[in-house]
Structure formats: C-alpha cells, structure tokens
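As structure tokens, the structure follows; a few thoughts come after it.
The shown structure was predicted, so the numbers you read here are calculated from the model rather than taken from an experiment. Per chain, numbering begins at 1; letters A, B, ... match sequence-line order.
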There are 2 protein chains.
Amino acid sequence: MRPHELPEIRHLPLFRDMMQVHFETLMLGAYAQSFPAGLELMRQGDPADFLHVVMEGQVELFSQWGGRECTMAVVRPVGTFILAACIKDAPYLMSARTLERSRIILVPSSDVRAVFRRDPDFAVSVIQELAGAYRSVVRHAKGLKLRTSRERIASYLLRQSVLAGNVASYHLPVEKRLLASYLGMTPENLSRALKTLEADGVKLDGMRVIITDRASLAALAQPDSLIDGPDPDALHAGVNLPPVSGDR
Amino acid sequence: MRPHELPEIRHLPLFRDMMQVHFETLMLGAYAQSFPAGLELMRQGDPADFLHVVMEGQVELFSQWGGRECTMAVVRPVGTFILAACIKDAPYLMSARTLERSRIILVPSSDVRAVFRRDPDFAVSVIQELAGAYRSVVRHAKGLKLRTSRERIASYLLRQSVLAGNVASYHLPVEKRLLASYLGMTPENLSRALKTLEADGVKLDGMRVIITDRASLAALAQPDSLIDGPDPDALHAGVNLPPVSGDR
DNA sequence: CCGGAAACTTGATCCGGATCAAGTCACGGA
DNA sequence: TCCGTGACTTGATCCGGATCAAGTTTCCGG
C-alpha cells in the first residue's frame with residue numbers, strides 16, 4: 001500500500017472514528033492492487049471475502065439474470081462497496097468490473113466482522129454506512145417504479161448539475177450505454193429520449209450536458225428530496241452513479 | 001403494553017442480544033397502540049420519530065411521487081420497519097398505512113440512537129438487520145430491472161409456495177391490486193397475466209393459488225437465490241411481501 | 001338480508017419502450 | 001497514421017403493458 005493511501009482510508013466515514021489499533025489490525029490484513037480496465041473483480045454469487053475500497057478509477061456494480069444484465073451502481077474514489085455481503089458473510093448479490101484502470105484496497109471481510117464486534121465506534125460507523133446505502137437503494141427503486149423513462153433521465157441530468165454546484169454545463173461521468181442501463185432502459189431509448197428532451201431545457205453535445213432552461217427541466221423532473229436526495233451519506237454508499245464537476 | 005408482548009419483542013433478532021438494562025430503557029420510552037384498518041401511520045418526508053414494531057396486523061409501506069403511488073413492502077408480525085431513517089435521524093422515504101386492524105409498538109428513535117452507541121451487542125444486531133434490509137431492496141431492484149412482468153409474477157408465486165414449504169396450494173397473503181403495485185404493474189395487467197400463466201403451471205381461484213406444474217412454473221420463473229432468496233434475515237427486514245402458510 | 005363500495009375481471013385501444021437493423025462516429029492500438 | 005472495434009445514432013417495426021371503459025364479483029355495514 002502506498003504511503004498516502006493509508007491516511008486517505010483513515011479519513012473515510014467508515015474508518016475515521018475507529019480506534020487506531022483496530023484500524024491497524026484491519027490494514028494489516030489488507031492489500032492494494034491495481035487492475036486494468038474492463039476486469040471482472042467479482043461475480044455475483046461469489047463468497048464475500050473482501051471489503052473493497054476504490055482508491056483510483058471507477059468500478060461498475062451490475063447484476064445478471066437469465067442472459068440479461070443491468071448496472072446497479074458505479075463506485076468512485078474514495079468509496080467502499082459490498083459492505084453488506086461482507087458483514088453477513090453471504091454471497092455477493094452483484095458483480096463488479098473496472099470501468100478504467102483502478103486501484104483497489106481489499107480488506108478481508110473476516111477482519112471487518114471481527115473488528116466491528118470489538119470496536120463500538122466502528123460498529124456505529126458501519127451502521128451509518130449501511131443505513132445510507134439502504135436509503136440509496138430505496139431511492140433508486142422509487143425512481144424506477146414511480147417515474148417514466150424520460151422523467152428518470154431528466155431527474156438524473158438535473159441532479160448531476162445540482163451536485164456539481166448548479167452548473168449549466170458538465171460532462172457525463174459515465175458512458176451513455178451504462179447510464180441507460182443504470183436508469184433502466186436501452187441505449188437506443190436513452191439516445192432518442194435525449195433528443196426529445198431538447199424541448200424540455202437540456203441538450204447534449206457528445207458527453208457534454210448543457211442545461212438551457214433549468215425551470216423547464218425541473219418541471220419535467222419534479223425533483224424530490226425523497227428520491228433524488230440530497231442525502232449526504234449516499235455519496236459513500238456505493239449505490240449511485242458518481243457526481244461530476246462542472247465545465248469551465 | 002401487554003404482558004405477553006415484551007418477551008415477544010425481546011426475542012426479535014434486533015433485540016435479543018442486547019443487555020437487559022438497555023432493553024428496559026428502550027421499552028420504558030416505548031408504547032403500544034392499536035390502529036384501525038386503512039390508517040396512515042406516517043407520511044414520507046415526516047421526521048423519523050419512532051421505530052415501529054408490528055405486533056399484530058399488516059402494514060403497507062408505499063411511496064408517492066407526482067400523483068403516482070407504489071407499494072414498496074408489507075410488514076407483518078413480528079417485524080420492524082423504518083430502522084434506517086431512525087438511525088440517520090432523517091425523514092422517512094416511505095409512507096405507511098395499516099392494511100387491517102394492527103397493533104404497533106412505537107420506540108422513540110432518539111432512544112434507539114442512544115442505546116446502540118452504548119450497547120455493542122445491540123449495535124451488532126442493528127448492523128445485521130440493516131445489512132439484511134439492504135440486500136432485500138437490492139434483490140427487489142434486481143427483479144424489477146432484470147425480469148419482465150410475467151417473470152416477476154411467476155417468481156413471486158413460486159417463492160411463496162417454497163416459503164410455505166413447497167405446498168401446491170396456498171392463499172395470497174395480500175390483495176391483488178397491492179401485489180400488482182409491489183411487483184411494479186397495474187392490476188389489469190396482473191389479472192390478465194395470471195390468466196395466461198395457466199399455461200405455465202399455475203392457476204388462481206380467487207385468492208387461492210394452485211400450482212399445477214411446478215417444473216413448468218420454475219422454467220418461466222428461473223428462481224435465483226441472488227434475487228429470490230433464501231435470505232434468512234429478509235423476513236425481518238421489512239422489505240418483502242409476507243410469507244404465507246399453505247392450504248390444508 | 002340487502003345495498004353499495006371496492007376489488008377484480010374483461011375488452012378495446014393506445015403508447016412507451018424494446019428490438020432489429022443499418023448506418024456513423026470516436027477512440028485506442030498497431 | 002490508419003485501421004478496427006465498440007459506442008452512439010437513427011430508422012422501422014413490434015410488443016408488453018398502460019389506459020380507458022364497462023361489467024361482475026366480493027365483501028362489509030347497515
């Protein structure tokens with residue numbers, strides 16, 4: 001592990017409140033590794049041997065069933081994923097693959113389980129992390145069930161703008177086909193819908209999103225804090241597409 | 001609170017491992033109440049003042065957005081709900097209403113938050129509960145994104161049969177329109193799909209489900225433990241429709 | 001036992017989104 | 001720089017499921 005990585009991990013919400021000795025125990029069994037883009041890190045159904053911490057790069061969490069596949073989330077630095085499976089010592093419900101060259105810390109899940117039983121402060125952090133992750137998935141499920149395709153796109157584009165500081169222009173943080181899968185539609189449908197959304201105040205130029213009429217976009221998206229957040233903890237929950245930074 | 005209720009609560013996975021003194025602290029601030037059918041217990045967005053424990057009856061968790069509504073889960077005795085919101089001291093993401101006359105224990109969430117910081121064993125139980133709840137919602141989301149309407153129905157009907165002990169016949173535990181909403185479709189669509197499912201080994205007679213050809217039904221449903229369970233903890237997670245008992 | 005509301009079914013039609021099929025474009029590797 | 005692969009777009013068509021509109025049944029309350 002690199003010298004600058006340890007303090008970075010230490011400052012994560014999940015690890016920042018635990019006792020130093022317990023943190024060291026965890027890190028003793030942990031190791032960092034770099035993976036090329038497009039590598040499958042785990043397959044759903046595998047035993048949950050490691051808690052994963054993304055230090056660099058991007059990791060996609062996705063699921064498969066009967067030949068179909070869908071994106072569930074994208075995790076970016078510095079975020080953790082599959083905490084719940086580690087804790088329950090149960091098989092992963094999702095697969096994971098790197099979207100680009102990524103550096104990942106692997107913490108043996110047996111150590112995680114042992115430590116949160118001995119360190120009450122760590123246990124509290126785990127609780128906070130899980131509660132945030134739970135709420136994030138509930139939000140996602142609500143969006144899927146209550147919104148149409150166009151509304152989900154509009155909400156997503158608006159939310160990303162807000163997260164970046166209400167910028168009028170920004171770059172999509174992920175490929176469109178991945179975004180389509182995350183939002184529960186086909187790439188073709190996303191492509192077409194984006195075009196019709198020009199009438200609702202948002203335009204795309206390649207990966208660049210340009211909000212031309214925020215009020216109009218908001219009228220369609222009807223942003224709702226109980227679906228779209230803000231939920232400060234969601235950023236660390238590993239269940240959202242990542243935020244972006246604005247242009248210019 | 002009734003005398004027989006305390007030990008029942010005490011034996012819940014969430015409370016069974018905590019120190020007696022802390023359990024008593026929690027119960028001191030708690031109170032039980034009976035509600036008629038069809039009563040709205042909470043509205044999404046409300047502050048999370050109480051952890052709810054269902055002792056009798058059935059409670060529906062649902063969400064609303066822009067005039068639309070969908071069922072997210074049904075909680076039955078003895079189960080808890082909205083633990084995550086209590087812990088984060090955040091607004092409820094879901095509304096709740098009684099489906100029938102229900103008796104519910106309300107535990108002040110401030111007490112819950114205080115106690116899990118002082119009782120490491122309780123903290124561990126909370127972690128297990130949340131991890132289970134998280135995984136349940138992920139399963140639900142996977143089903144919504146990966147399966148068609150018919151496949152979700154088939155999976156549901158088969159799963160209920162398995163939960164009841166592989167019975168060939170059982171009664172639906174909830175109204176069809178609620179089931180439709182839970183599965184993410186309209187009542188009309190459920191009704192029609194059920195009729196066409198007779199060709200796939202399952203028949204309905206009112207509320208009674210009769211599996212006429214389990215292999216055929218399974219071929220359609222393609223049950224997958226990473227979507228349908230079993231996950232022993234899911235039953236207490238408050239995010240599934242309830243199990244049923246078989247006929248005869 | 002009756003009346004009415006709500007759940008459920010059935011039918012007709014509509015529409016959102018999927019699928020299939022060509023393209024075109026952009027990027028990364030040789 | 002060129003090439004090839006994969007992302008993206010665009011078009012045509014299809015289909016699952018929603019919607020609208022009546023019935024019909026069930027069940028609860030008076």
B:Asn166 side chain to B:Ser161 side chain, donor-acceptor N/O pair below 3.5 angstrom: no
In B/S/- notation (B base, S sugar-phosphate only, - none; protein heavy atoms under 4.0 Å), nucleotides 22-30 of chain D written 5' to 3' is ---------
I want to check something: taking the side chain as every heavy atom from C-beta on, are B:Met42 and B:His52 in contact at a cut-off of under 4.5 Å? yes
By side-chain hydrogen bond (donor to acceptor under 3.5 Å, both in side chains), B:Arg192 pairs with (sequence neighbours left out) none
| Judged by atom type as modelled, is there a donor-acceptor pair below 3.5 Å linking the side chain of B:Glu151 to the main-chain atoms of B:Thr148? | yes
Hits for side-chain hydrogen bond (donor to acceptor under 3.5 Å, both in side chains) against B:Asp213, two or more places apart or cross-chain, chain-then-number order -> none
The side chain to side chain contact (heavy atoms under 4.5 Å, CB included) partners of B:Ala84 (sequence neighbours excluded) come to A:Ala131, A:Tyr134, A:Arg135, B:Leu130
For A:Glu40, the side-chain hydrogen bond (donor to acceptor under 3.5 Å, both in side chains) test, sequence neighbours excluded, returns A:Arg43
Readout for nucleotides 7-23 of chain C: B = base within 4.0 Å of protein heavy atom, S = sugar-phosphate only, - = neither; 5' to 3' it is SSSBBB----SSBB---
